[in-house]
Each structure stands twice: as structure tokens, then as C-alpha cells.
Amino acid sequence: MNMLNALHCYIDGKFQPSESYFDNISPINGEKIADIAEASPQQIDSAVHAAKQALKGDWGQMSVQQRSLLLHKVADRIEARLSEFIDAEIADTGKSLHQVETIDIPRAAANFRTFADLAKFHTGETFVTDTLSGEQALNYSINKPLGVVAIISPWNLPLLLATWKIAPALACGNCVILKPSEETSSTAFLLAQVMDEVGIPNGVFNLILGRGNKVGDLLTEHSKVDAITFTGSSSTGQHIMKKVASGVKPISFELGGKNAAIVFQDADIDKAVAGVARSSFTNCGQVCLCTERVYVHREIYQDFVERLVKAAKAIKIGYPKEPKVLIGPLISKQHQQKVLSYYQQAKKSGAKVLTGGGVPNFGDERDNGCFIEPTIITGLSDQDPINQEEIFGPICHVAMFDSEQEVISRANNTIYGLAAAIWTENLSRAHRVAPKMDVGLVWVNTWFLRDLRTPFGGVKLSGIGREGGAHSMAFYSEATNICINIDKSEK
Ligand code: NAD
């Protein structure tokens with residue numbers, strides 16, 4: 001496994017040592033794997049300054065085609081160094097090789113290619129305007145970059161989610177400062193190397209490492225940062241929103257979720273069981289889109305639950321590169337304690353634990369890691385904290401319902417609104433129910449099937465704004481209207 005022993009900040013085209021470092025701990029066995037820099041206030045300031053300067057330099061003069069070409073090179077280089085990226089992501093997160101090589105890293109390359117291509121078609125609007133007083137004008141709009149964009153990303157899909165923001169921000173001509181999660185800095189560090197290797201001009205991409213409540217805070221309150229794009233928990237989002245309020249800066253927020261899956265009596269039960277097992281336990285439940293509440297129609301409830309339990313029990317937990325391993329550990333001891341406390345709380349509240357509910361016993365170094373069992377519970381009310389708060393672990397609560405109207409209202413009864421999955425073979429039901437879900441994204445008979453051109457984001461506490469395709473391009477651009485008066489008199 002590739003060991004990145006010391007991870008440094010990358011500012012103005014240079015890797016820089018920092019005054020202090022903290023430990024990068026493996027979630028597999030609790031051992032230290034690297035030192036991570038904690039950017040100083042001066043380093044944050046120089047990153048912002050470098051980004052501002054870079055906007056005025058070569059980068060600011062580049063045509064869309066030139067920028068697009070460079071971003072394609074970034075994608076190519078990620079693929080050329082694929083195994084290093086895979087190993088780095090696995091070392092930080094412990095997630096399975098299968099997931100990292102099929103989702104995390106390929107999607108990062110795809111993000112750069114998608115937005116590099118979309119930038120070429122990101123055009124403005126044109127209107128010929130006739131006024132009542134007989135004047136005529138040509139109105140058109142141009143897209144300018146926002147300027148310096150601060151990108152704050154989480155640990156659950158580290159490279160994938162960081163590049164989901166970096167790629168469109170750069171494609172639109174901005175300069176960026178990435179602050180990845182302190183839990184997962186390794187692939188961000190490799191990405192900085194890639195940016196350097198392919199010739200992204202100095203100051204265009206800056207990496208500052210460190211903890212959220214120190215480095216993240218200083219970055220979001222920096223007066224010269226022009227926009228903030230954040231993926232993480234709703235509480236951190238609320239905190240950042242207050243911080244940036246005085247500067248009235250553009251913000252894009254992808255936040256938490258408490259997503260429901262609804263299994264109707266006319267579902268293909270095999271597909272629904274496999275789908276709900278996947279949506280509840282993928283990445284050890286650490287995907288914002290994961291299902292934590294499952295509603296099953298009374299007619300098929302018993303059969304469905306028995307099969308779901310069987311599917312959960314069949315999930316192999318273990319070392320990332322062990323054959324057939326599907327899920328690894330949670331990200332940290334702290335997160336393991338949080339998820340376990342929900343397991344305990346559920347038991348205290350009278351939940352029936354159908355499978356899981358604890359920590360697996362390996363009898364080796366992994367017992368010092370952050371592993372946890374996939375867990376299925378029943379018997380709690382919709383109002384119970386287990387059914388209201390985001391747990392972000394491999395747990396789902398299964399409840400029974402009787403009617404379409406009832407289940408829509410119960411599924412919508414949460415402060416979050418990110419995603420929902422509906423399982424039905426009835427076409428009319430699918431079309432009837434999907435638009436009634438109070439979420440940004442509804443899947444029918446599938447889950448986590450993504451097209452990077454579609455709008456992505458949440459309602460309520462799940463976020464502000466949409467990313468994806470034209471939506472990302474719109475967020476990372478400042479549309480500017482130019483109005484040309486046309487003199488109609490012939491000379
Ligand atoms: P988090 O909010 O703890 O941290 C996210 C990032 O914010 C990290 O880089 C962290 O260092 C930084 N941060 C923390 N405090 C900060 C502060 N005061 N100022 C500035 N930055 C700060 O979230 P997490 O635990 O890393 O990620 C899990 C959460 O992210 C879950 O709630 C999950 O639902 C959400 N998430 C949402 C989406 C989405 O697309 N909606 C995707 C992935 C994860």
C-alpha cells in the first residue's frame with residue numbers, strides 16, 4: 001500500500017511545510033499512518049492571495065478551450081496514477097477496493113471530463129428588446145468567474161465529492177482553495193500533485209489542510225474569498241451560513257439527509273430487497289443518500305423484512321482488499337461511538353433489533369478499528385430520534401404502512417429532504433408518488449444511479465442550491481447582462 005507519510009499544503013504552486021501536524025489514523029486498526037499539516041492563518045491568507053493573483057494571470061486570459069484541455073489532462077493523470085489514488089483512499093477510509101475502484105476514483109476523473117466538456121457549451125442568453133418608446137436594444141449575457149472559491153468537502157466520498165466542486169469551479173475560470181476533511185486528506189494531496197504535473201498555473205488550485213473548526217473557520221471568514229461551496233453536515237452548514245452572512249457571498253450547500261425507501265406491494269421484491277440492502281449499507285451507511293428509513297406495505301412486510309435481514313447478514317465486512325468484502329469500517333472511533341450510541345438508544349427505546357446492533361469481533365488488529373455491524377431495527381415511532389436524526393451508519397429502521405397517501409406523508413415528515421427511493425412495478429404509481437416526495441432527488445426501482453448532468457441537491461435542511469451539469473456551471477459563474485442600444489435611425 002502506498003504510504004503518504006506527511007501531507008503538506010499546496011499553495012501558489014508549491015508544497016509547503018506547516019508549523020504543526022496532526023495524526024492521520026487508520027480506521028482499520030487505529031494505527032497512525034501519516035502526519036497531516038494544520039495550515040496556519042498565514043498559509044490560509046497566502047492561499048487566498050495566490051488565488052486572487054492567479055485570476056489576473058495566465059489563467060484569467062485562457063480561452064475556455066485551453067482550460068478544458070487542461071482539465072482533461074487532470075482526468076487522464078488521475079487515471080494514470082489510479083492505483084496510488086485507490087490505495088490512498090483506502091488507507092484513509094478503509095472502504096472496499098470494489099467501491100473505490102468502481103465509484104470513488106473513476107467518478108473523480110469523470111467529474112473533470114464532464115465539466116471540461118460542459119464549459120464549452122456554457123453560453124449566455126440573447127434577447128432583442130423593443131421598448132414601447134420605439135427604442136431597440138440587444139441584450140446578451142456573459143459568464144464571468146466568481147473569483148476565489150473556497151471548497152470544503154467531507155470524508156465519506158473524499159475525492160469524488162471534492163472534484164464534484166473543483167472541476168466545475170475551474171471549468172468556469174475560478175481559482176480554488178480546497179479544504180478536505182481532516183479525516184481524509186490523502187487523495188486531495190495526490191490531486192495537488194496532479195495539478196502540478198499537468199501544468200495548472202500557480203495559485204489556481206490551492207490545498208490547505210487542517211481541522212474544520214480551525215482551518216475551515218478561518219477560510220470561510222476570509223474577506224477575500226468570493227464564494228463558498230460546502231458538502232457536509234447540516235450543523236456545519238448552519239455555522240458557515242452565519243459566518244458568511246455579513247459578506248453576502250454566494251453559497252452552495254449539500255448537507256445531511258434522513259432518506260426514506262418506500263416498498264410498495266407491487267414491487268419486484270427481489271430487486272427491492274437487493275436495492276434497499278445496497279441503499280442502507282453501501283459505504284457502511286456513510287453516503288448522504290443512504291436509506292435510514294424503510295417503509296414497506298403491510299401485504300409484503302413480513303416477507304420483505306425476512307429477506308432484508310438475510311441480505312444484511314450476508315454482507316461481508318473486513319479488510320478492503322479481501323475478496324467479496326463489501327463494507328469496511330466507519331471513518332473514526334468518534335463516529336463509531338456516535339453510531340453505537342444510536343444503536344443503544346434504539347434498544348432502550350424498545351426497538352426490536354433484527355440483525356446487528358454491535359461491533360464485530362475479529363480477534364485481530366481490526367478490533368482496534370472502527371468496524372460496526374449492519375443493523376436492521378423495527379418498532380419505533382416515526383417521531384423517535386432514530387427516525388428523525390441522521391445517523392450516518394449502516395442502520396435502517398423498517399416500518400409498515402397501509403396506503404399511498406399515508407406513506408408519502410410519513411416519508412416527508414422530517415427536517416431533511418435529500419433523496420428518496422420508491423420500489424414499485426406500477427408505472428402510474430411511480431409517476432404519481434415521485435413528484436410528491438419533498439426531496440431533491442427521487443429514484444424509482446434503483447438507487448445511487450447518477451447522471452452528472454442532472455440537478456443534485458436537497459430541500460429543507462439538506463441544502464441550498466443544485467449542483468450537476470448546467471446547475472454547477474450556473475453556480476460557479478457570475479452571469480452579467482450587457483445591454484447594447486441599437487440606433488434605429490438610418491444614417
Ligand atoms: P462535517 O460537517 O463535520 O465536515 C465537513 C467539512 O467541513 C470537513 O472538511 C470539515 O473539516 C469542515 N468543517 C467542520 N467544521 C467547520 C467549520 N466550523 N467551518 C468550516 N468548515 C468546517 O461533515 P462530515 O462529518 O465530514 O460529513 C458527513 C456529513 O456530510 C453528513 O451529514 C452527510 O449527510 C453530509 N454529506 C452530504 C452530502 C450531500 O451531497 N448532500 C454528501 C456527502 C456528505
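Note that ligands are numbered from 1 as they come in the structure, with each ligand's atoms numbered from 1 the same way. Side chains are part of it too, since the values below use all heavy atoms of this structure and drop only hydrogens, waters and symmetry mates.
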Heavy-atom protein contact below 4.0 Å for atom 4 (O) of ligand 1 | no

Any idea which atoms of ligand 1 are less than 4.0 Å away from a heavy-atom of Lys179?
-> 9 (O), 10 (C), 11 (O)

Should Arg81 and Asp87 count as an ion pair when the cut-off is N to O under 4.0 Å?
-> no

For Phe456, take its heavy atoms, then give the atoms of ligand 1 lying under 4.0 Å from any of them.
-> 40 (O)

Would you check the N or O atoms of Leu255, main chain and side chain alike, for any that come under 3.5 Å of an N or O of ligand 1?
-> yes

Closest to atom 31 (C) of ligand 1 among protein heavy atoms sits Glu390 OE1, 3.4 Å

Enumerate the atoms of ligand 1 whose separation from the nearest heavy atom of Glu182 is less than 4.0 angstrom.
-> 10 (C), 11 (O)

Arg113 with Glu79: basic N within carboxylate O range, under 4.0 Å | yes

Identity and distance of the protein heavy atom lying nearest atom 35 (C) of ligand 1 = Gly232 O, 3.1 Å

Here the atoms of ligand 1 under 4.0 Å from any heavy atom belonging to Pro180 are 9 (O)

Results of side chain to side chain contact (heavy atoms under 4.5 Å, CB included) for Asn202 - residues two or more places apart only = Asp12

For Thr220 and ligand 1, does the shortest N/O to N/O distance drop below 3.5 Å?
-> no

Just distances here: any N/O of Ile240 and N/O of ligand 1 closer than 3.5 Å?
-> no

Salt bridge present between Glu254 and Lys165 (N-O < 4.0 angstrom) | no

Are any of the N or O atoms of Ser233 closer than 3.5 Å to those of ligand 1?
-> yes

State the atoms of ligand 1, each with its element, that fall below the 4.0 Å cut-off from a heavy-atom position in Asp217.
-> 17 (C), 18 (N), 19 (N), 20 (C)

Ion pair present between Lys95 and Glu89, side-chain N to carboxylate O less than 4.0 angstrom?
-> no

Only counting residues at least two apart or in another chain, list the ones meeting ring pair (Phe, Tyr, Trp, His ring centres under 6.0 Å) with Phe253.
-> Phe230

Do Leu209 and His8 have side-chain heavy atoms sitting under 4.5 Å apart?
-> no

Would you please indicate yes or no on a ring centroid separation below 6.0 angstrom for Phe115 and Trp164?
-> yes

Would you check whether Thr236 has a nitrogen or oxygen atom less than 3.5 angstrom from a nitrogen or oxygen atom of ligand 1?
-> yes

Sub-3.5 Å N/O-N/O distance, Trp155 and ligand 1 | yes

Dump the intermediate steps for side chain to side chain donor-acceptor pair (under 3.5 Å) on Lys333 and Gln336, then the final yes or no.
-> CA-CA 5 Å; Lys333 275 278 164 209; Gln336 188 195 37; 3.1 Å; yes

Polar-atom distance check: Ile152 versus ligand 1, any N or O pair below 3.5 Å?
-> no

Mind checking whether Gly463 has a heavy atom under 4.0 Å from ligand 1?
-> no

